[in-house]
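A quick write-up on the structure given underneath.
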2 protein chains.
Amino acid sequence: MTETWKEFEANEVTHSVAHHLVAIHEVGREYGGWARVSDIARWLGITRGSVSINLRNIKVRGLVIEDDHRQVKLSEQGLKIAQAIMAKKAAVKAFLRDVINVPEEQAEIDSCKVEHLISQSTGENLFRFIKFLTSDDPAARQALSQFRKFEDS
Amino acid sequence: MTETWKEFEANEVTHSVAHHLVAIHEVGREYGGWARVSDIARWLGITRGSVSINLRNIKVRGLVIEDDHRQVKLSEQGLKIAQAIMAKKAAVKAFLRDVINVPEEQAEIDSCKVEHLISQSTGENLFRFIKFLTSDDPAARQALSQFRKFEDS
DNA sequence: ATAAACTGTTTGACATATCAAACAATTTAA
DNA sequence: TTAAATTGTTTGATATGTCAAACAGTTTAT
């Protein structure tokens with residue numbers, strides 16, 4: 001039981017980096033993917049200085065590229081990571097909210113904490129599970145409605 | 001979408017502190033809860049120096065108490081936190097492994113990453129869901145077996 | 001009883017992540 | 001075209017968490 005817990009630090013990206021990537025993706029959405037430091041900072045709710053410094057690492061690691069006007073954009077690799085994270089977050093949030101009845105806001109908070117931590121394969125399993133459970137397979141529908149009753153009792 | 005993500009840092013305890021608490025609980029199990037720095041360090045796979053420093057904070061925060069021989073033990077508050085974390089971990093792991101078929105080892109890794117992050121209420125919802133789904137309610141059994149087929153196809 | 005092993009702490013270093021404040025450069029308003 | 005606002009960077013500070021190495025104290029073997 002000595003080493004597994006350290007896997008926490010052994011992620012592709014930290015929570016902070018994950019959110020910088022997602023922020024760039026969202027902020028740059030309407031500008032061909034290009035985002036400015038200020039907008040990223042505003043989106044994340046941290047200072048421009050922090051973003052500036054954090055982007056140094058993120059650039060060095062090849063997750064974003066920069067143009068002449070100091071705008072940044074996700075690299076191919078950065079985009080892949082951001083998309084994977086967003087997909088996992090969506091899966092977790094959907095599970096919490098639509099399956100086990102966690103209130104919207106709490107589902108948002110919890111899925112956000114966890115998005116960059118769960119493994120790709122676990123994310124995929126979860127996705128399939130939700131897909132099944134929210135399908136119109138009668139067994140799925142029946143189980144869900146039973147669970148709702150179970151909850152209320 | 002500006003502030004929710006920062007909740008990540010707004011946890012009762014960090015991943016590191018969470019694992020120190022659980023380590024003390026496990027290491028001290030056979031000694032009335034009392035644990036030594038060395039044993040904690042070995043259990044966690046980090047140096048004695050790190051544990052020594054980390055325990056300073058943890059003591060100040062009142063999560064552990066110390067005896068004359070420099071042994072430490074969870075305080076009432078520390079024990080509560082450790083138990084809550086262990087319960088959430090068990091729930092997540094059971095869900096991953098027994099419901100959505102994540103392999104044991106991966107379930108261990110992912111649940112370990114997540115244990116201290118999910119909220120109490122989410123943990124409880126998850127626990128009830130597993131309880132229902134692994135009960136002998138026919139709808140639950142039917143749904144699970146359908147999902148297994150769904151997985152294999 | 002002495003040598004060897006182990007214990008807990010401290011020090012100095014490093015990495016990440018944050019802030020406020022100051023700065024120069026650029027953009028926007030008037 | 002000026003004046004005001006905004007931008008991106010840097011600096012110095014703080015907090016957490018880690019390491020290796022050195023130290024003094026305690027235990028354990030022999």
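Convention: sequence-line order gives letters A, B, ...; per-chain numbering from 1. Computed from heavy atoms alone, side chains included, the values below leave out hydrogens, waters and symmetry copies. Please read these numbers as outputs of a predicted model, since none were measured by experiment.
Regarding contacts with the backbone of D:dT9, every side-chain N or O of A:Arg56 stays at 4.0 angstrom or more from both OP1 and OP2. Taking only side-chain nitrogens and oxygens, A:Thr47 comes nearer than 4.0 Å to OP1 or OP2 of C:dC19. The side chain of A:Ser50 places no N or O atom within less than 4.0 Å of a non-bridging phosphate oxygen (OP1 or OP2) of C:dA17. An OP1 or OP2 oxygen of D:dT16 is reached within less than 4.0 angstrom by no side-chain nitrogen or oxygen of B:Thr14.
For the pair A:Ile53 CD1 and C:dA22 P, the interatomic distance rounds to 17 Å; values are reported in whole Å. When the P atom of D:dA15 is taken as reference, atom CG of B:Asn11 falls 20 Å away, rounded to whole Å. Protein atom CD1 of A:Ile40 is 18 Å distant from nucleotide atom P of D:dT6, rounded to whole Å. The separation between A:Leu55 atom CG and D:dT10 atom P is 12 Å, rounded to whole Å. D:dA15 atom P lies 15 Å from atom CG of B:Asn54, rounded to whole Å. Taking atom CD1 of residue B:Ile46 and atom C1' of nucleotide D:dT16, one finds them 12 Å apart after rounding to whole Å. With rounding to whole Å, A:His20 atom NE2 is found 13 Å from D:dG8 atom P. Distance, B:Asn57 CG to D:dA15 P: 10 Å, rounded to whole Å.
In terms of the salt bridge (charged side-chain N to carboxylate O under 4.0 Å, His left out) criterion, A:Arg48 has no residue partners (sequence neighbours excluded). The salt bridge (charged side-chain N to carboxylate O under 4.0 Å, His left out) search around B:Glu104 returns B:Lys93, B:Arg97, not counting sequence neighbours. Every side-chain hydrogen bond (donor to acceptor under 3.5 Å, both in side chains) that B:Asn54 has, sequence neighbours left out, goes to B:His20. Partners of A:Arg29 by side-chain hydrogen bond (donor to acceptor under 3.5 Å, both in side chains), not counting sequence neighbours, listed by chain and number: A:Glu26. For A:Ser111, there are no side-chain hydrogen bond (donor to acceptor under 3.5 Å, both in side chains) partners, not counting sequence neighbours.
No side-chain N or O of B:Lys80 forms a donor-acceptor pair with one of B:Gln77 less than 3.5 Å apart.
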Pairwise N/O distances under 3.5 Å, protein to nucleotides 6-8 of chain C:
| from | atom 1 | to | atom 2 | distance (Å) |
| --- | --- | --- | --- | --- |
| C:dT7 | OP1 | B:Arg36 | NH2 | 3.0 |
| C:dT7 | OP1 | B:Arg42 | NH2 | 3.4 |
| C:dT7 | O5' | B:Ser38 | OG | 3.4 |
| C:dG8 | OP2 | B:Ser38 | N | 2.6 |
| C:dG8 | OP2 | B:Ser38 | OG | 2.8 |
| C:dG8 | N7 | B:Arg48 | NE | 2.7 |
| C:dG8 | N7 | B:Arg48 | NH2 | 3.0 |
| C:dG8 | O6 | B:Arg48 | NH2 | 2.8 |

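Sequence order on DNA chain C of the closest nucleotides to A:Gly49 and A:Arg61 puts A:Arg61 first from the 5' end.
Ring geometry, B:Phe147 versus A:Phe132: the interplanar angle falls from 30° to 60°, so the pair is classed tilted.
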